[in-house]
Each structure stands twice: as C-alpha cells, then as structure tokens.
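Everything numeric in this text was worked out from a predicted model, so none of it was measured.
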Amino acid sequence: MFAKGQTVIQYMEQLAPKHVAMEGDKIGLQLGSLQKEIKNVLIALDVNEAVADEAIAAGADLIIAHHAIIYRPLANLQSDTPMGKVYEKLIKNDIAVYIAHTNLDVTDGGMNDWMAEALDIESAAPLEDLHTDNLYKLVVFVPKDHHEKVLDAMLGAGAGAIGNYSHCSFNIEGYGTFKPGEGTDPYIGAQGKLEKVEEIRIETVVPQSLRSKVIQAMLKQHPYEEVAYDLYPMELKGRTLGLGRVGKLREPVTLEDFVQRVKERLDVPMVRVVGDLKRPVRKAAVLGGSGGRYWKQAQFRGADVLVTGDVDYHTAQDALMAGIAIVDPGHNAEKIMKRKVAKWLTEKLNEGKYDTKVHVSAIDTEPFVFM
C-alpha cells in the first residue's frame with residue numbers, strides 16, 4: 001500500500017510544522033497535487049532541471065525541497081525559459097513539489113540542530129527567538145477502569161512535557177455525578193437516574209501546537225458519550241523556537257581546527273574565514289543559509305564564532321573589528337537536510353506500513369565552482 005500525498009506531508013509537517021515558518025516565507029505545496037498515491041519521494045535542497053530529470057528517472061511523484069521553486073510572483077509561465085522548462089517537465093510527469101524552508105530551519109530536530117550536532121555544539125539554544133509554544137492545562141474526568149488508557153493516550157500524543165521532563169501528570173480520585181437525559185446512551189447508568197461514579201481527575205500540560213492532537217487522542221480512548229474536560233492557559237511558558245543555534249563545543253579548539261571540522265562535517269570543499277586562526281573557540285553559533293546579519297546576536301550570546309553562509313564584505317569587516325570570527329561554508333552547506341529528512345520520512349512511512357520509497361537527491365546544486 002502506498003501513502004497518499006497528504007499522508008506524506010502530514011509526516012513532514014510533524015517534523016517541520018508550517019506555523020513556525022517566518023512570516024511571508026514561501027513554503028508548502030508549490031506545484032502539482034497531493035491528491036494521489038505517492039510511490040516515490042525525492043528529497044532535494046533545490047529544484048533545477050537536473051533535479052527534475054533525476055526525479056523523473058526515479059519515478060518520483062513528489063519532490064520535497066528546502067528552497068522554493070516559486071519565490072516571486074510569476075508574470076507568465078513560458079516553457080522556453082530556464083525555469084519554465086523545469087515547471088513543464090514537472091507538470092508533464094505529474095511530479096508535485098513541496099517546500100519546507102524556515103519551518104525546517106526553526107523546528108526542534110531540524111536544519112540548525114543538525115548543523116549544530118554535526119559541529120559538536122552541545123546544549124544548543126536558538127540564536128534568535130521567534131516562537132514560544134504556549135502551555136495549557138488540560139483537565140479531564142475519567143472512570144477508574146479507563147484511567148490508564150486515557151492517560152497513556154494523552155501522554156503518547158505529546159502531553160505532559162515540562163522542560164526536560166516528560167509524562168508529567170497529576171491524578172486525583174473522587175466522585176462524579178450526572179443524570180443521563182432523554183435520547184442519551186450512557187456508558188454508565190440509565191436515563192433519568194442520578195448516577196454517582198468513582199472517577200479520576202487527570203491534570204496535565206499541553207503545548208499549543210499539540211492541543212488538537214492530544215484532545216483527539218483523549219476523546220478516542222474516553223468511554224463517555226459526553227466528555228467533561230477543561231483547557232485553560234498557563235503562565236508557565238513552553239519551549240521557544242528560533243533561528244540558528246548557539247552552544248558550547250564539546251571540547252575547546254582553535255579556530256583553524258574548527259574550520260577543518262566545518263569543511264569535513266558539512267562536506268564543503270572550502271570556506272571563507274574571518275578572524276585569527278589561532279584564537280580559541282569554546283562557544284559557537286550556526287545559522288543555515290544567509291545569516292551574516294546575525295553576527296551581533298551570536299556575539300551577544302557569547303559565541304566566539306558564527307558559522308553561516310553568504311557573508312558580504314562589509315559584514316565581515318564589522319565582525320572582524322568587533323572581535324567575533326565567522327566561518328562561511330556557503331549556502332549549499334544546507335544539503336545536510338537531504339539525508340536527515342529522508343531518514344525521518346522513511347521511518348514514519350515504515351511505521352505506517354507504507355510501501356512508499358524515499359530517495360536522496362544525488363545532484364549537487366552548488367552554483368559556484370571552486371578553483
């Protein structure tokens with residue numbers, strides 16, 4: 001059985017939820033339809049003609065890419081232009097294109113966490129905060145014989161996380177009363193008769209992003225026809241998501257040694273470096289893509305070096321004078337996402353017992369030639 005397009009994207013959006021993307025970012029389905037079976041998915045950093053040809057050869061029904069193929073409004077769609085040829089090939093071969101960009105950058109376990117992990121940056125926190133996932137208290141009353149089922153369903157759906165602790169809940173025994181009215185089909189009791197039942201009050205916390213999922217999981221396991229539950233906001237803040245990552249290195253190194261690590265771990269042939277190669281690096285920041293303008297935030301967070309792409313001359317001069325090093329591996333260093341996304345989707349599809357296959361694009365979309 002092959003997964004439907006919407007199913008594949010639901011898995012993708014568990015990793016990179018759309019609501020955490022930066023405002024105005026061009027994400028989501030950009031071409032084609034998801035209303036079909038997906039036999040093969042191709043994961044790519046960019047979509048150019050070579051990648052389109054690769055997708056056709058692989059029998060791909062869907063490409064999931066990091067960078068948008070439609071970034072600015074199209075005045076026309078001419079098939080004799082370079083990108084027009086790409087669109088034409090994709091449309092004629094019924095290949096949909098879905099984009100996960102800043103939502104993949106920002107999310108926990110996404111692009112910037114992968115880059116930080118590759119460079120041995122530990123306990124990495126966001127370089128610039130963007131979103132706080134507000135917490136809610138969920139209270140539900142459950143008959144004793146269904147307590148474990150309902151509680152397990154809620155915690156399994158993501159409820160109960162406070163900081164680095166998971167499965168947090170509070171459970172109080174008591175009695176619930178109700179009288180089933182006309183037309184009801186009660187799990188306990190009879191119409192018109194006041195009922196007194198031993199129940200357990202479950203209290204737990206739920207992040208805003210998982211409210212619907214947790215409530216649906218709870219309702220699915222709850223035996224009552226009408227479920228009594230409350231949901232209210234808390235002062236306690238949930239996790240914060242943001243751009244980039246900053247943290248201490250596992251072991252201090254010189255900038256020169258750190259540069260070699262960047263080249264090897266991010267698989268780039270060369271980098272541009274700002275700063276004294278002999279200086280010690282104890283804390284590092286990383287931001288996939290074009291992040292030169294965030295060097296001040298990196299320095300404010302105590303970073304000795306910022307790893308990011310597309311740094312311009314004047315930004316480099318300013319950072320040098322301010323005393324923070326920069327390592328620029330180029331924008332293409334984000335290709336680390338290809339294997340990581342493919343691994344995530346493959347695991348999810350296998351859990352769902354789908355036959356859909358996920359392929360990693362072998363095309364190097366680096367536009368520069370290094371000489």
Visitor: Verify the distance criterion only: is there a donor paired with an acceptor across the side chains of Asn171 and Ser169 at less than 3.5 Å?
Guide: yes
Visitor: side-chain contact (heavy atoms from CB on, under 4.5 Å) between Val341 and Leu104: does it pass, once the steps are laid out?
Guide: CA-CA 9 Å; Val341 170; Leu104 185 62; 4.1 Å; yes
Visitor: Quick check: do Glu49 and Lys89 have side-chain heavy atoms less than 4.5 Å from each other?
Guide: yes
Visitor: Search all heavy atoms of Leu130 against all heavy atoms of Leu243 and return the closest pair with its distance.
Guide: CD1-CG, 3.7 Å
Visitor: Is it possible for you to check whether Lys196 lies under 6.0 Å from the centre of the six-membered ring of Tyr175, through NZ or CZ, and within 45° of that ring's axis?
Guide: yes
Visitor: Judged by atom type as modelled, is there a donor-acceptor pair below 3.5 Å linking the side chain of Asp328 to the main-chain atoms of Asp310?
Guide: yes
Visitor: Surrounding CZ of Arg279 (heavy atoms of other residues, nucleotides or ligands, distance under 6.0 Å), is the total greater than 12?
Guide: yes
Visitor: So do the side chains of Val51 and Leu42 get within less than 4.5 Å of each other, counting heavy atoms only?
Guide: yes
Visitor: Is it the case that the side chains of His331 and Ser290 hold a donor-acceptor pair, with the cut-off being a distance below 3.5 Å and no angle test?
Guide: yes
Visitor: Please tell me if the side chains of Leu77 and Leu74 come closer than 4.5 Å, counting only heavy atoms from C-beta onward.
Guide: yes
Visitor: Given the side-chain rings of His101 and His67, with only the six-membered ring counted for Trp, is the space between their centroids under 6.0 Å?
Guide: yes
Visitor: So which atom in Ala65 and which in Val47 form the shortest heavy-atom distance, rounded to 0.1 Å?
Guide: CB-CG2, 3.7 Å
Visitor: Going through the checks in order, is the salt bridge (Lys or Arg N to Asp or Glu O under 4.0 Å) test met by Asp61 and Lys36?
Guide: CA-CA 9 Å; Asp61 309 288; Lys36 59 182 179 180; 5.3 Å; no
Visitor: Between Gln30 and Tyr71, does any side-chain donor sit less than 3.5 Å from a side-chain acceptor?
Guide: no
Visitor: Check whether the side chains of Glu199 and Tyr224 place a donor and an acceptor atom closer than 3.5 Å, and report yes or no.
Guide: yes
Visitor: Looking at Gly160 and Leu155, what are the two nearest heavy atoms and their distance?
Guide: CA-CD2, 4.1 Å
Visitor: When rounded to the nearest 0.5 angstrom, what distance separates NE2 in His146 from NZ in Lys144?
Guide: 14.5 Å
Visitor: In the structure I gave you, are the side-chain heavy atoms of Glu198 and Pro143 within less than 4.5 Å of one another anywhere?
Guide: no
Visitor: For Ala52 and Val86, which heavy atoms make the closest approach, and how far apart are they?
Guide: CB-CG1, 4.3 Å
Visitor: Trp344 ring centre to Lys348 NZ or CZ under 6.0 Å, with the angle to the axis within 45°?
Guide: yes
Visitor: Main chain of Gly288, side chain of Asn112: is a donor-acceptor contact present, judged purely on distance under 3.5 Å?
Guide: yes
Visitor: Could you check whether Lys248 pairs with Glu122 (Lys NZ or Arg NE/NH1/NH2 to Asp/Glu carboxylate O, under 4.0 Å)?
Guide: no
Visitor: Treat each ILVMFWY residue as a node, draw an edge where side-chain heavy atoms are under 4.5 Å apart, and state whether Leu255 and Trp295 are in one component.
Guide: no
Visitor: Check the pair Phe178, Val197 against side-chain contact (heavy atoms from CB on, under 4.5 Å), reporting the backbone distance first and the verdict last.
Guide: CA-CA 9 Å; Phe178 54 86; Val197 182; 3.6 Å; yes
Visitor: For the pair Asp80 and Lys85, evaluate salt bridge (Lys or Arg N to Asp or Glu O under 4.0 Å) and give the outcome as yes or no after the intermediate values.
Guide: CA-CA 6 Å; Asp80 58 354; Lys85 291 178 183 178; over 6 Å; no
Visitor: Counting heavy atoms not belonging to Lys283, are there more than 12 under 6.0 Å from its NZ?
Guide: yes
Visitor: Using the side-chain contact (heavy atoms from CB on, under 4.5 Å) definition, which of the options His147, Glu148, Met154 pairs with Val150?
Guide: Met154
Visitor: Any luck finding a side-chain donor-acceptor pair between Asp105 and His66 under 3.5 Å?
Guide: yes
Visitor: With sequence neighbours excluded, what pairs up with Asp355 under the salt bridge (charged side-chain N to carboxylate O under 4.0 Å, His left out) test?
Guide: none
Visitor: For Leu277 and Thr254, which heavy atoms make the closest approach, and how far apart are they?
Guide: O-CB, 3.8 Å
Visitor: Would you sort out whether Leu29 and Leu34 count as a side-chain contact (heavy atoms from CB on, under 4.5 Å), showing the intermediate values?
Guide: CA-CA 8 Å; Leu29 183 67; Leu34 296 173; 4.0 Å; yes
Visitor: Answer yes or no: is there a side-chain heavy-atom contact under 4.5 Å between Tyr98 and Glu13?
Guide: yes
Visitor: For the pair Thr132 (side chain) and Asn134 (backbone), establish whether a donor and an acceptor sit closer than 3.5 Å, ignoring hydrogens and angles.
Guide: no
Visitor: Does Phe370, at its CZ atom, have more than 12 non-hydrogen atoms belonging to other residues, nucleotides or ligands within less than 6.0 Å?
Guide: yes
Visitor: Hydrophobic clusters here meaning ILVMFWY residues chained together by side-chain heavy-atom distances under 4.5 Å, can you tell me if Met1 and Val41 are in one?
Guide: yes
Visitor: Evaluate the side-chain proximity of Leu62 to Ile95: yes if any heavy-atom separation is below 4.5 Å, no if none is.
Guide: no
Visitor: If you look only at distance, which donor and acceptor atoms sit under 3.5 Å apart when one is on a side chain in residues 179-195 and the other is two or more places apart or in another chain?
Guide:
| unit_1 | atom_1 | unit_2 | atom_2 | d |
| --- | --- | --- | --- | --- |
| Thr184 | OG1 | Gly181 | O | 2.6 |
| Tyr187 | OH | Asp145 | OD2 | 3.0 |
| Gln191 | NE2 | Thr184 | O | 2.9 |

Visitor: Is it the case that one hydrophobic cluster holds both Tyr294 and Val327, taking links as side-chain heavy atoms less than 4.5 Å apart, direct or via other members?
Guide: no
Visitor: A quick test of your reading: do over 12 heavy atoms of other residues, nucleotides or ligands sit less than 6.0 Å from NZ of Lys26?
Guide: yes
Visitor: So for atom NE2, which belongs to His314, do other residues, nucleotides or ligands contribute more than 12 heavy atoms lying within a distance under 6.0 Å?
Guide: no
Visitor: Are Val106 and Trp114 connected in a single hydrophobic cluster, I mean Ile/Leu/Val/Met/Phe/Trp/Tyr linked by side-chain heavy atoms less than 4.5 Å apart?
Guide: no
Visitor: Do you know the tightest heavy-atom contact between Ala303 and Ile324?
Guide: O-CD1, 3.7 Å
Visitor: Run the numbers on Asp120 and Arg265 for salt bridge (Lys or Arg N to Asp or Glu O under 4.0 Å), then give the verdict.
Guide: CA-CA 10 Å; Asp120 295 337; Arg265 306 281 181 85; 3.3 Å; yes
Visitor: Please tell me if the side chains of Arg245 and Ile121 come closer than 4.5 Å, counting only heavy atoms from C-beta onward.
Guide: no
Visitor: For Tyr232, look at atom OH and say whether over 12 heavy atoms of other residues, nucleotides or ligands are found less than 6.0 Å away.
Guide: yes
Visitor: Check this for me, if you would: do Asp133 and Arg239 make a salt bridge, where the nitrogen-to-carboxylate-oxygen distance has to be below 4.0 angstrom?
Guide: yes
Visitor: Please determine whether the number of non-hydrogen atoms from other residues, nucleotides or ligands lying under 6.0 Å from atom CD of Gln260 exceeds 12.
Guide: yes
Visitor: Does a donor on one side chain and an acceptor on the other come within less than 3.5 Å for Glu54 and Ser361?
Guide: yes
Visitor: Is the shortest side-chain N to carboxylate O distance from Arg201 to Glu173 below 4.0 Å?
Guide: no
Visitor: Answer yes or no: is there a side-chain heavy-atom contact under 4.5 Å between Val97 and Ile99?
Guide: yes
Visitor: I'd like to know whether Glu88 forms a side-chain contact (heavy atoms from CB on, under 4.5 Å) with Ile91, so could you lay out the CA-CA distance, the side-chain angles of the two residues, the decisive distance to 0.1 Å, and finally the verdict.
Guide: CA-CA 5 Å; Glu88 181 183 30; Ile91 292 169; 6.0 Å; no
Visitor: Can a side-chain donor-acceptor contact be found between Thr102 and Asp25 if the only test is distance below 3.5 angstrom?
Guide: yes
Visitor: Could you state the interatomic distance from NZ (Lys338) to CG (Asp46), rounded to the nearest 0.5 Å?
Guide: 8.5 Å
Visitor: I'd like to know if the side chain of Asn350 reaches the main chain of Thr346, judged simply by a donor and an acceptor atom lying under 3.5 Å from each other, with no hydrogens or angles considered.
Guide: yes
Visitor: Side-chain heavy atoms nearer than 4.5 Å, only ILVMFWY residues, links allowed to pass through others: does that put Val214 and Ile202 together?
Guide: yes
Visitor: When you look at OH of Tyr229, are more than 12 heavy atoms from neighbouring residues, nucleotides or ligands closer to it than 6.0 Å?
Guide: no
